[in-house]
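Just so you know, ligand 1 is whichever comes first in the structure, and atom 1 is the first atom listed for that ligand. Keep in mind that the numbers below use all heavy atoms, side chains included, and drop hydrogens, waters and symmetry copies. All of these numbers come straight from a predicted model, not from anything done at the bench.
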Amino acid sequence: NADISMYQAKEKGRNNYQFFSEEMNQLALARQVIESNLRQAMVRNEFFLVYQPLFDIASRTIIGFEALIRWHHPQHGDMLPPQFINIAEETGMIVAIGEWVLRTACRQARQWHNGGSNGLRISVNVSASQLKHDSFLDIVASALKESDLPPGCLELELNESTIIEQGEKNIPILKKLKKLGVSLAVDDFGTGYSSLSYLKHFPIDRVKIDGTFVRDITPGGDNAAIAEAIIFMAHSLKLNVVAEGVEQEKQYSFLHNSKCDELQGFFMCHPLLPEDIIPLLRTYTTLTH
Ligand code: C2E
Ligand code: MG
Ligand code: MG
Ligand code: MG
């Protein structure tokens, strides 16, 4: 227990080293437990996907969904990606997990299409190690083939850092993905240090403005100016723009007026389980806000 060890370290005077090493032991232990639990999670079928709608401002409809992974941990209940996705990435487990996400999301989108919602897009997050993996292109092609999903309905979301991390080395794989017919989005834009004009060297279709800017938008404030500038520049570079993390009416209307193309956030809709999407698609396909 970290509190107890801090107390003991203080009792012993300025022996901070002892406190830090004890706390680090605790962290390492927690990490080890998650890591070994994660290894079993795939075979035990503990992962599931939730889907958050993306709203198209011009047509006032749901244009697609982003698939977001959840882990139903047998002891700790449902865990969110920030609690385990880094470990999955560092250990390489993300390659197998990501393949499952891709295949599951494509099959789900196919079902929506079969139910009459033709053309709905499904957006899937892809991490750097997946993109680097030799078989990634084949996995994407196979996920499309087995689900019979039109390639144009699949979007891969890559973080700004994932795209630019290897300089222009990623261009060939991105071009091959584009050749399959899928679209590519830059996720969490604004959190790295790249400019849109640099990103335009890569064959991307869309930028997603990171939620940390969007959440703090107050008309007239700095974040509003940043969002507006991103939208303007993206449009001049023929890129489509999504704002994520729209939580309030004032952000919604600001982004609407700023000609942002698509919106995603708790203000419109939280991520949902597949069974909750069907009634949503049936009854609520236009924005009511
Ligand atoms: P992301 O790709 O930027 O996904 C959007 C995140 O913002 C999601 O968090 C979503 O639930 C959350 N969000 C949506 N609207 C709002 C809002 O209005 N306010 C706030 N505060 N948050 C909002 P989530 O599901 O916890 O996922 C976190 C990150 O984990 C994702 O960020 C993505 O980078 C990663 N991730 C999620 N699923 C996968 C996956 O299947 N594969 C990989 N490689 N990464 C994933
Ligand atoms: Mg994303
Ligand atoms: Mg992401
Ligand atoms: Mg994001």
Measure from [atom] to every heavy atom in [options] and give the option owning the shortest one.
atom: atom 4 (O) of ligand 1; options: Gln251, Gln52, Glu66; value: Glu66
atom: atom 2 (O) of ligand 1; options: Val50, Val126, Thr104, Asp187; value: Asp187
atom: atom 38 (N) of ligand 1; options: Thr162, Ile69, Val246; value: Ile69
atom: atom 25 (O) of ligand 1; options: Met79, Glu247, Arg70; value: Arg70

What protein heavy atom is closest to [atom], reported as residue, atom name and distance in Å?
atom: atom 16 (C) of ligand 1; answer: Phe266 CE2, 3.2 Å
atom: atom 35 (C) of ligand 1; answer: Pro81 CB, 4.1 Å
atom: atom 3 (O) of ligand 1; answer: Asp188 OD1, 3.0 Å
atom: atom 42 (N) of ligand 1; answer: Asn125 O, 3.5 Å

* To do: Between Arg215 and ligand 1, find which residue part has any heavy-atom pair under 4.0 Å and reply side chain, backbone, both or neither.
  => side chain

* Structure fact -> Separation between CD (Gln248) and CZ (Phe267), nearest 0.5 Å, reads 9.0 Å

* Asked: How far does CZ of Arg39 sit from OG of Ser36, to the nearest 0.5 angstrom?
  -> 8.5 Å

Verify [atom]: protein non-hydrogen atom under 4.0 angstrom away:
atom: atom 23 (C) of ligand 1; value: yes
atom: atom 45 (N) of ligand 1; value: yes
atom: atom 12 (C) of ligand 1; value: no

Only heavy atoms of [X], strictly under 4.0 Å: list the atoms of ligand 1 that pass.
X: Pro82; result: 26 (O)
X: Leu68; result: 4 (O), 8 (C), 10 (C), 11 (O), 25 (O), 37 (C), 38 (N)
X: Ser127; result: 44 (N)
X: Glu244; result: 3 (O)
X: Pro271; result: 11 (O)

Could you tell me whether [X] and [Y] make a salt bridge, using a distance below 4.0 angstrom between a side-chain N and a carboxylate O?
X: Asp78; Y: Arg70; value: no
X: Arg206; Y: Glu262; value: yes
X: Lys178; Y: Asp205; value: yes

* Parallel, tilted or perpendicular for His72 and Phe48, by the 30°/60° rule? -> tilted

* Asked: Can you check whether Gln264 has an N/O within less than 3.5 Å of an N/O in ligand 1?
  -> no

* Asked: So is Asn159 polar-close to ligand 1, meaning N/O to N/O under 3.5 Å?
  -> no

* N/O/S of Asn159 less than 2.8 Å from the Mg ion (ligand 3)? -> no

Check the side chains of [Y] and [X] for a donor-acceptor pair under 3.5 angstrom, ignoring hydrogens and angles.
X: Asp56; Y: Ser59; result: yes
X: Asp210; Y: Thr212; result: yes
X: Lys132; Y: Gln166; result: no
X: Glu165; Y: Asn170; result: no

* Asked: Please state the angle at the Mg ion (ligand 4) spanned by OE2 of Glu244 and OD1 of Asp188: what is it, rounded to 10 degrees?
  -> 100°

* Asked: Linking I/L/V/M/F/W/Y whenever any side-chain heavy atoms sit under 4.5 Å apart, do Met42 and Met93 land together?
  -> yes

* **Worked check of ring pair (Phe, Tyr, Trp, His ring centres under 6.0 Å) between His201 and Tyr198** => CA-CA 6 Å; His201 286 94; Tyr198 178 62; 5.4 Å; yes

* Structure fact -> Looking at Asp187, the N/O/S atom that lies nearest to the Mg ion (ligand 4) is called OD1

* Structure fact -> Residues Cys153 and His113: closest non-hydrogen pair is SG-CE1, 3.4 Å

